[in-house]
Amino acid sequence: MSELKTAEPTQAPFAGKPGAHEHPVDFNSYLRRCVYVFVAVVCAVSLMLVASYLPAEHFNWAAKVAMILAIACTNAFVVAGFLMHLISEKKMIYTLLAFTVFFFTGLMGLTVWAMQDFPAGTTH
Amino acid sequence: MEIPYAVHPRPDTGIYNAKVGIWLFLASEVMLFGALFSAYVLLRVGAPAGEWPHGWLNVTLGTVNTLVLATSAITTLMAWVACKTRQFGKFKFFHGCTLLLALTFLCVKAYEYHDKWIHYEIHLTDGRIADGHLRARDAGSITIEGRYVTDEKDLYDLRAQKDIQTGEIKIPRSQIKQMENYGPWHNTYLALYFTLTGLHALHILGGSIVIGYLWGPGRKLWKTDPEHFTNRVEVSGLFWHFVDLVWIFLFPVLYLT
């Protein structure tokens, strides 16, 4: 039975910092981290709710949307960074995500770029 | 033949193959949901002023579901930590909690869908519109819990309207010109709402099946190869966190803006 051919151990273009994220896992410190993250998420959700109910006379719709999305992005950063370990991942994952960010930005950028081409009357 | 690097990291990447695989899959998922979000932006910006619905969804239920999903993300991570520290009892507890929370999320979503399903907009022959939740129907009439409006635009921005008076309305079928419930066919907003949340709910269902498998029949791998099992828990956890991330954006976009 032949073995699958794999890369030589000496070639390590994506390995990143050796030993990163390989430290021993401590149950209690993770539990503490999770409590902090949960509190942060609750705060973010509360802030989004407050922002959505801000009086329309002082804050126009665009400002409110920008505020809410900024809070949502912060919330997503906390979840991705601490729960998905993205703050201490391998270079390979960052490379992959860099491509994703590029294409996602392109997708959203093209949508905004085509602002003048939007179809009108899309309610129904 | 044993599949290489299912347990130990590849020397060149520093990670095991399943983790590369799930991140590639998540990258494709970002593009899938990104396309739907860009469709939302396109249609939202193209809507005439004052004609995009506001306050049609129950913010309290949306907030509850946000917190339920955030808690499940925590329990998923703790299940992985329990595996890493070789505490299988705690793994079973935390993954069991994740399953219950996923079920809670789906039940709340099903309730919200049902609420829209029995919500009707009824155009009458005299030009008025009756809007409300269906309570009873028979051969001669329809009974709803709702109100009358004269202009359809009065139904768009519910957050701007204070103290909406509703009551039981019995409408003879002979007076009904057109009747439609708040399903995905009702308007663009609801089409987007059902598409985005429906796809998200399918992801919750898929993730629950995988987590349920690891919690149930799949856990026998723990006895023979605990590290391999731990890696499977990590991969399923990454997917679950992604589903949570999608909801972090869906909630404000659909419920709050």
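Lettering of chains follows the sequences in order, A, B, ..., and the numbering in each one begins at 1.
Per-residue counts of heavy-atom pairs under 4.5 Å with chain B were compared for A/V37, A/L69, A/I71, A/V79; the largest is that of A/V79. Note on A/V41, A/L107, A/V42: by heavy-atom pairs under 4.5 Å with chain B, the leading option is A/L107. The most heavy-atom pairs under 4.5 Å with chain B, out of A/A51, A/C73, A/A44, come from A/C73. Of the residues considered (A/V65, A/V35, A/L96), A/L96 shows the highest number of contacts with chain B, using heavy-atom pairs under 4.5 Å.
The aromatic rings of B/F94 and A/F27 lie tilted to each other, with the angle between the two planes from 30° to 60°.
For A/F99, no part lies under 4.5 angstrom from a heavy atom of chain B. Both the backbone and the side chain of B/L24 come within less than 4.5 Å of a heavy atom in chain A. Contacts of B/F37 with chain A are made by both backbone and side-chain atoms, with heavy-atom separations under 4.5 Å. With a 4.5 Å cut-off on non-hydrogen atoms, A/L83 touches chain B through its backbone and its side chain both. When heavy atoms are compared at a cutoff of 4.5 Å, B/S38 approaches chain A by way of both its backbone and its side chain. Proximity to chain B (any heavy atom under 4.5 Å) is restricted, for A/M108, to the side chain, taken from C-beta onward. Neither the backbone nor the side chain of B/T76 comes within contact range of chain A; no heavy atom of the residue lies under 4.5 Å from a heavy atom of that chain. Proximity to chain A involves both the backbone and the side chain of B/A82, based on heavy atoms less than 4.5 angstrom apart.
More than 12 heavy-atom neighbours from other residues, nucleotides or ligands sit within 6.0 angstrom of CH2 on B/W185. A/F77 CZ: 12 or fewer foreign heavy atoms inside a 6.0 Å radius. By the 6.0 Å contact criterion, CZ on B/F93 is open, its count of non-hydrogen atoms from other residues, nucleotides or ligands being 12 or less. Counting non-hydrogen atoms of other residues, nucleotides and ligands closer than 6.0 Å to CH2 of B/W215 gives a total of 12 or fewer.
Between B/T66 and A/M48 there is no side-chain heavy-atom pair separated by less than 4.5 Å. Two residues are said to be in side-chain contact when any heavy atoms from C-beta on lie closer than 4.5 Å; B/T257 and A/K64 fail this criterion. Residues A/H85 and B/H241 fail the side-chain proximity criterion, which asks for heavy atoms closer than 4.5 Å.
Scanning both residues, B/V20 and A/M92, for their nearest heavy atoms gives CG1-CE, 3.6 Å. Of all non-hydrogen atoms in A/F104 and B/G34, the two that sit nearest each other are CE1-CA, 3.5 Å. A/C34 approaches B/M78 most closely through the heavy-atom pair SG-SD, 3.5 Å.
Considering CH2 of B/W23 and NZ of A/K90, their distance stands at 13.0 Å, rounded to 0.5 Å. Within the model, atoms CD1 of A/I68 and CZ of B/F251 stand 9.0 Å from one another, a figure rounded to the nearest 0.5 Å. In this structure, A/R33 CZ and B/I74 CD1 are separated by 10.5 Å, a value rounded to the nearest 0.5 Å.
Screening B/L245, B/D244, B/I248 for a side-chain contact (heavy atoms from CB on, under 4.5 Å) with A/N75, the sole residue that qualifies is B/I248.
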